[in-house]
Amino acid sequence: MKMNKRRSYSGCSLDRYLLLKSIQEHISSLSHSISAVEEELQKDNGPFLSSYKATQSRARVQSSLSDPQLLSGALTDVAKHLGNLSFRVWEKMKEQVHFSPVILDPNTAASSLYLSDDLTSVRHGDKDQQLPDNPERFTHYATVLGSEGFSSGKHSWEVEVGDHPDWNIGLAKESADRKGDIGASPKYGFWCLTHRSGKYSNGAGETVRVEKNLQRIRVQLDYDRGEVSFYDPEHMTPICTLRDTFTEKLFPLFSIREAVDAKTADIKICQSEIPL
């Protein structure tokens, strides 16, 4: 029987088992004492009073059991959970917080373009959508602009293009014509890198030579110096730089046509980590 009891406590430590066993023995002994006192009370008062001192002594012995001793590690480690709490929360946030440096503006998107819910990617759809012909919207070319324009300083973002065969990426001035049949050229207020038919070119109609097909493009604007530069971000290899004098606000530009048989159906603005 003792072996069976010991097995039933196999999930506990030996110290915990012995403590529980001791408590059970004292409880059993105390129950017997209570029963004995109850039996005495059923008799005449004389015998009970004569044995009162012995009963009292027996009860004192039973009540002398000391409080259970807490085992090491039984208490909650308050220091572990609350110490440097704000720092631990900050660390967790740092692991998760990212942002998109450019958010697309749906009010500028051509009706053939479909934007993602978070406004960070765009693809060319199979059919045009019914959208209002507001002044900000491009109607002739499948183009969309970023929601925030720049009129000073340095700005950069990266775009995932994958193997999509037909796109323009760059910047457009705020007053650029959004309705007419014009080229993506600096003389019309567009500074872009173009990929079409497997070839790369700048808006001035000049072919740009690259060592490999570009999966990702880094766009970099230095407004004050009048430069729009494009890089392969893998090794920050320069692709081309367009120079001009900027006199008004510039907006990130994205233009995309049908993906045809390409694996990449959309072009996407890459997220960046927040430097904390």
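When reading the values below, keep in mind they use all heavy atoms of this one structure, side chains included, and skip hydrogens, waters and symmetry mates. Source: prediction; values computed, not measured.
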Spacing of Glu158 atom CD and Gln220 atom CD [to the nearest 0.5 Å]: 10.0 Å

field: Nearest-0.5 Å distance, CD of residue Glu211 to OG1 of residue Thr237
entry: 7.0 Å

Shortest non-hydrogen contact between Gly189 and Ala176, atoms and distance: O-CB, 4.2 Å

statement: Between Lys173 and Glu248 the two heavy atoms that sit nearest each other are CD-OE2, 3.6 Å

Table please: side-chain donor-acceptor pairs of residues 139-152 below 3.5 Å, with sequence neighbours left out.
from, atom 1, to, atom 2, distance (Å)
His140, NE2, Asp181, OD1, 3.3
Tyr141, OH, Asp181, OD1, 2.6
Tyr141, OH, Ile182, O, 3.1
Thr143, OG1, Ser255, OG, 3.3
Ser147, OG, Ile103, O, 3.0

query: side chain to side chain donor-acceptor pair (under 3.5 Å) with Glu174: which residues, sequence neighbours excluded?
result: none

- prompt: Do Phe251 and Leu253 have side chains that get closer than 4.5 Å, going by heavy atoms?
  reply: no

query: Counting heavy atoms not belonging to Asn134, are there more than 12 under 6.0 Å from its CG?
result: yes

message: Hydrophobic cluster membership, with links at side-chain heavy-atom distances under 4.5 Å among I/L/V/M/F/W/Y: are Tyr200 and Phe254 in one?
response: yes

field: Glu206 side-chain N/O to Ser201 backbone N/O, donor-acceptor pair under 3.5 Å
entry: no

task: Look at the side chain of His164 and the backbone N and O of Asp166, then say whether any donor-acceptor pair between them is shorter than 3.5 Å.
output: yes

- prompt: So, for Pro106 and Leu115, which heavy atoms are closest and what is the spacing to 0.1 Å?
  reply: CA-CD2, 3.9 Å

query: Can any side-chain N or O of Ser100 pair as donor or acceptor with the backbone N or O of Val102 at less than 3.5 Å?
result: yes

message: One thing to verify: whether Asp133 and Lys179 come together as a salt bridge, which I'm taking to mean a side-chain N less than 4.0 angstrom from a carboxylate O.
response: yes

- request: Flag the pair Arg178 / Arg137 as yes when at least one side-chain heavy-atom distance between them is below 4.5 Å, and no otherwise.
  value: no

field: Shortest non-hydrogen contact from Ala184 toward Cys192
entry: CB-SG, 4.4 Å

message: Hydrophobic clustering (ILVMFWY, side-chain heavy atoms < 4.5 Å, transitive) - are Val208 and Val159 grouped together?
response: yes

- prompt: Is the centre of the Phe230 ring less than 6.0 Å from the centre of the Trp191 ring?
  reply: no

field: Verdict with supporting geometry, Glu227 and Lys154, salt bridge (charged side-chain N to carboxylate O under 4.0 Å, His left out)
entry: CA-CA 10 Å; Glu227 294 181 348; Lys154 296 180 180 180; over 6 Å; no

message: Could you tell me if the side chain of Lys268 sits less than 4.5 Å from the side chain of Arg216, heavy atoms only?
response: no

message: Under 4.5 Å between side-chain heavy atoms, counting indirect links through other Ile/Leu/Val/Met/Phe/Trp/Tyr residues: same cluster for Phe190 and Leu104 or not?
response: no

- prompt: Does one hydrophobic cluster hold both Leu119 and Leu131, with members joined at side-chain heavy-atom distances below 4.5 Å?
  reply: no

message: For a 4.5 angstrom cut-off between non-hydrogen side-chain atoms, does Arg196 reach Asn168?
response: yes

query: Do the non-hydrogen side-chain atoms of Leu193 and Asn202 ever get within less than 4.5 Å of each other?
result: no

- prompt: Can you name the closest pair of heavy atoms from Asp266 and Val122 and give their distance?
  reply: CB-O, 3.0 Å

message: Ignoring hydrogens, what is the shortest heavy-atom contact between Phe138 and Asp177? Give both atom names and the distance.
response: CE2-O, 4.2 Å

- prompt: Run the side chain to side chain contact (heavy atoms under 4.5 Å, CB included) check on Ile169 and Val219 step by step: do they pass?
  reply: CA-CA 8 Å; Ile169 293 173; Val219 184; 3.5 Å; yes

- prompt: Would you say the side chains of Gln271 and Thr120 form a donor-acceptor pair under 3.5 Å?
  reply: no

message: Are Ile217 and Trp157 packed together at the side-chain level, in the sense that at least one heavy-atom pair is separated by less than 4.5 angstrom?
response: no

task: First locate atom OG of Ser116, then atom CZ of Arg123, and finally report the distance between them rounded to the nearest 0.5 Å.
output: 10.0 Å

- prompt: What is the distance from atom CG of Asp244 to atom CG of Leu171, rounded to the nearest 0.5 Å?
  reply: 11.5 Å

task: Report yes or no: do Val161 and Ile239 belong to one cluster of Ile/Leu/Val/Met/Phe/Trp/Tyr joined by side chain heavy-atom distances under 4.5 Å?
output: yes

message: Using only atom types and a distance under 3.5 Å, with no angle test, would you say the side chain of Arg218 pairs donor to acceptor with the backbone of Tyr231?
response: no

- prompt: Do the side chains of Asp222 and His155 get nearer than 4.5 Å, heavy atoms only?
  reply: no

query: Do the charged groups of Asp163 and Lys263 touch, with an N to O distance under 4.0 Å?
result: no

